[in-house]
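First the structure, in the form of structure tokens, and then the observations on it.
Along the sequence shown, residues carry numbers from 1. Start at 1 and go down the list; that is how both ligands and their atoms are numbered.
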Amino acid sequence: MSSTLSRHDTIADNLAFHVEAGVDVALGDEPVDRFAESAAERSVAAARLATRPAEGAGPRTATAPPAFTSPRPASAPHRAPSGPQPSPALPGEAPPPPDLAAVEAREAAASAPTLEALRELLERFDGCPLKHTATRLVFADGNPKARLMLVGEAPGRDEDIEGKPFVGRSGKLLDRMLAAIGIDRTAAYIANIVPWRPPGNRTPTPQETAICLPFIRRQIELANPDVLVCLGGPSAQTLLGIRDGITKARGRWMDYDTGTRVIPALATFHPAYLLRTPLGKRMAWRDMLAIESRLAALPARSND
Ligand code: URA
């Protein structure tokens with residue numbers, strides 16, 4: 001009896017430990033030694049890259065830096081991407097290691113002529129391990145033709161269920177912040193740096209972020225907003241290349257080069273931070289007013 005009790009205690013302690021650590025999903029019955037897999041992964045990924053059509057298959061090569069020169073989405077017809085396509089992993093095939101996955105991501109993202117094509121590419125892209133633990137891709141919400149684009153860090157649980165960014169508690173607060181300056185989701189386009197939910201809402205690793213970065217950059221380029229808003233420090237650091245924390249970086253206009261033009265970008269507090277730290281709302285309100293004035297000062301777009 002006592003041994004049963006102590007076994008229960010051990011299991012309960014173990015469970016409590018994992019819950020506190022943010023684990024809310026069981027991925028398999030048996031532990032997997034990822035290190036033991038890495039050699040096999042490297043050779044599979046090298047073979048994938050070696051067999052990809054290179055010449056004439058698309059505008060970019062494996063060694064080319066990400067360039068952002070395709071036409072504006074308003075005039076780009078929706079067609080299948082003509083460049084290198086991410087090859088979906090075969091059943092049992094290991095995903096490419098992160099550095100090769102980042103190369104694949106750059107090539108794939110650059111080849112997407114429209115946002116819809118980019119979404120389709122992401123649906124097929126197997127290079128980011130988060131895809132395999134998330135329920136679905138969380139690509140974007142709102143109006144892709146909006147002048148304002150907001151980029152968060154990564155989807156949470158609610159977003160993973162619904163397939164749309166910022167639909168949970170922080171999304172509701174974001175909606176209220178936008179409403180305060182007369183904007184709703186028909187006048188804003190919303191996405192995340194990482195489009196798949198990290199397990200247990202953990203922070204995406206630098207490698208996961210690096211793999212997803214070409215896609216969000218291309219998404220911004222194709223959406224072609226007039227003003228970019230980074231929600232939270234990780235978004236600001238990733239997109240604006242700054243090292244400052246959000247408290248220092250927020251409220252300062254910076255330049256963001258989409259690849260086809262330079263647009264004003266502002267970092268502000270992430271709504272999830274504001275839910276935990278309501279004192280920050282005063283500063284966030286200032287940022288919203290700055291966004292409102294900046295949008296008002298811009299000339300109307302031809303598609304407005
Ligand atoms: N936090 C984010 O950064 N993005 C979401 O979509 C939801 C919460």
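Relative orientation of the H270 and F166 rings is tilted, given thresholds of 30° and 60° on the angle between their planes.
Applying the ring-ring contact (aromatic ring centres under 6.0 Å, His included) criterion to F269, with sequence neighbours excluded, gives Y273. Residues satisfying the side-chain contact (heavy atoms from CB on, under 4.5 Å) criterion with R176, sequence neighbours excluded, are K172, L173.
Heavy-atom neighbours of Q207 CD from other residues, nucleotides or ligands within 6.0 Å: at or below the threshold of 12.
Protein neighbours of ligand 1 below 4.0 Å, counting non-hydrogen atoms: G152, E153, A154, P155, E159, P165, F166, S170, N192, H270.
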Let me check something: any side-chain donor-acceptor pairs from residues 245-253 under 3.5 Å, sequence neighbours excluded? List them with distances.
from	atom 1	to	atom 2	distance (Å)
R250	NE	D287	OD1	3.4
R250	NE	D287	OD2	3.0
R250	NH2	D287	OD1	2.8
R252	NH2	D244	OD2	2.9
R252	NH2	K248	O	3.4

message: Could you walk me through whether R261 and D226 satisfy the salt bridge (charged side-chain N to carboxylate O under 4.0 Å, His left out) test, starting with their C-alpha distance in whole Å, then the side-chain angles of each, then the deciding distance to 0.1 Å, before giving a yes or no?
response: CA-CA 10 Å; R261 67 186 185 125; D226 288 336; 2.7 Å; yes
